[in-house]
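Read the structure below first, then the notes.
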Amino acid sequence: MHFSIPDVQQFRDDNGITYTGYNIHIDGVFHCTARYKQLLSLHEQLQAQNTYLKLPQFPPKKLFLTNSQIEERRILLEKYLQLVGQNPILAYSDILTTFLFSAQQETHCVQVHEVDIEISLMNGYRIPLSVSSTDSSGAVLDIACNYINLPKDYVKYFSLYLFNWSCAKDGQPSLKKLEEYESPYISQKYVRPDDKIVLRKSYWDPCYDIDVMSDRVSLDLLYLQTIEDIDLGWICVNAQTRDILNGHEARKEKKNYIEVARGSRYYGRVPAGEAVTDAHHLSGSATAEASGSCRVRVSLASKELTLTSVAQPLREQRYKVTRMRCWRITTLHAVEKSQTNGHGSLLDEPNKHFELSFEYLISKDNLEWITLRTEHAIFISVCLQSIVDELMRQKSGSGPASPRSKRGGLTYLRRDGSSQLITSSSSSDTLSSINGDSITSGSSREIFSVQKLTEKFASVAFKSGKDCVENNAFEAIGDEEL
């Protein structure tokens, strides 16, 4: 995961004392605001749990900071969190997960109560659920899958995402996976209210489709997603293929429909917006501008990143993820202070510009840096990391999904200085509660039928600057990859 602290906020406590809050973004999206002492408490607990690890250096304590010292502390805290996020032991620890979950809840002042939310399928059909306002993404996913009668063995193939249909139609990044350290209710209502919570497959490699198609409900979910991805233009099909697909759809031949789509261009790809890159990265491209660069559309699919020329769409270059040794992100320009007090997405700030560079194995013993200048660098990096993580799980013989992070064992320090011990047995993972609240499991809902729906309605860890994240799948390259 990628942490950033683009700006700060000033608060005043009950005693009239002013203090600084640091706005923490994760993967380019605002997550929470925390004080220095809260992050120090997190650091101390991470160190106590991982005595055999040398944690990154934490910024020293200082009293009565000037504005320049606050800015220096912001930079140091950002660097600290980025180093924590790049260490898989720390990044997936129960302490960090619990801290981030609790901090999000405190930031938005959300108490525990029953709420009604909607989970959308990719055809727009909405599933109404009653959940706790502080249910984690994993808990809400389980409730949603139980509602539609998806067997537990198939839940691992799916995840909840925040999805923006308008961005999806424009070829812009439109997906944000809801992680275990956040509440879908809070993330959707307070951070990205224009997005919908959707249920999509959570893997990149199409080989998992075979497993998914062996169950009726999971087959239906994959079928609906495939139809929508074609309608959005994410999967490219010619007129002849579309006629074949329309025939399978009319006859409700779902497996046949998916099999034809799986053989289509860009099956499973996710658009990642536009970028500017050096012209020679597109083989023989004649689209170079006077500056020696050209504009491309970026997309990612199983094991590949594809650059397609905007001026000449038939020209493209594909880069295998297994041949990327490492990648890095560099900030090109300073950020103007957010007008949303830190509660918006970094990706929405027009003055935020990045470069994403990856070191690519062009041929044996020949590595070359490929650079993309794009505001969507964070999104691309998150996708790359997700692909690499899946490759590593495959290498170890694991399934498509990462193990869920547990929460518990954290003494959470609130901004006001009070603290609460959160354990694995804490109900609903909360900082405060309302007596008598309960969660509807969904088991009493009516049986879900995708057939009715289809009749009614015809989805990183990296370092900035000169530092890089190593691609652990790179070492597995064989001669056949060259």
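Predicted model, so just to flag it, every value in this text is computed and none were measured.
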### Message
Over 60° means perpendicular and under 30° means parallel, so tell me whether Tyr157 and Tyr154 are parallel, tilted or perpendicular.
### Response
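The rings of Tyr157 and Tyr154 sit tilted, inter-plane angle from 30° to 60°.
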### Query
With no hydrogens and no angle check, is any side-chain donor or acceptor of Asn164 less than 3.5 Å from a backbone partner on Cys167?
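Yes; at least one donor-acceptor contact below 3.5 Å.
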### Query
With distance as the sole test, does Gln111 use its side chain to make a donor-acceptor pair with the main-chain N or O of Ser133 at under 3.5 Å?
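Looks like no, no N/O pair under 3.5 Å.
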Heavy-atom pair with the smallest gap, counting every atom of [X] and [Y]:
X: Phe101; Y: Asp135; value: CZ-C, 4.2 Å
X: Leu100; Y: His31; value: O-NE2, 2.9 Å
X: Arg318; Y: Tyr360; value: O-OH, 4.3 Å
X: Ser159; Y: Ser202; value: OG-CB, 3.0 Å
X: Arg35; Y: Arg415; value: NH1-O, 2.7 Å

### Task
Identify whether NZ of Lys or CZ of Arg in Arg328 sits under 6.0 Å from the centre of the six-membered ring of Trp369 and within 45° of that ring's axis.
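Relative to the ring axis of Trp369, which defines the angle, Arg328 lies inside both limits.
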Return yes when atom [atom1] of [X] has more than 12 non-hydrogen atoms of other residues, nucleotides or ligands closer than 6.0 Å, and no otherwise.
X: Asn67; atom1: CG; value: no
X: Lys169; atom1: NZ; value: no
X: Gln57; atom1: CD; value: no

### Task
Kindly say whether the aromatic ring centers of Tyr36 and Tyr22 come within a distance under 6.0 Å.
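Aromatic pair excluded; centres sit 6.0 Å or further apart.
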### Query
Are Lys395 and Glu390 ion-paired here, with the side-chain N under 4.0 Å from a carboxylate O?
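Answer for the salt bridge query: no.
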### Given Gln188, Lys176, Lys177, the one that forms side chain to side chain donor-acceptor pair (under 3.5 Å) with Glu182
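Among Gln188, Lys176, Lys177, the one meeting side chain to side chain donor-acceptor pair (under 3.5 Å) with Glu182 is Lys176.
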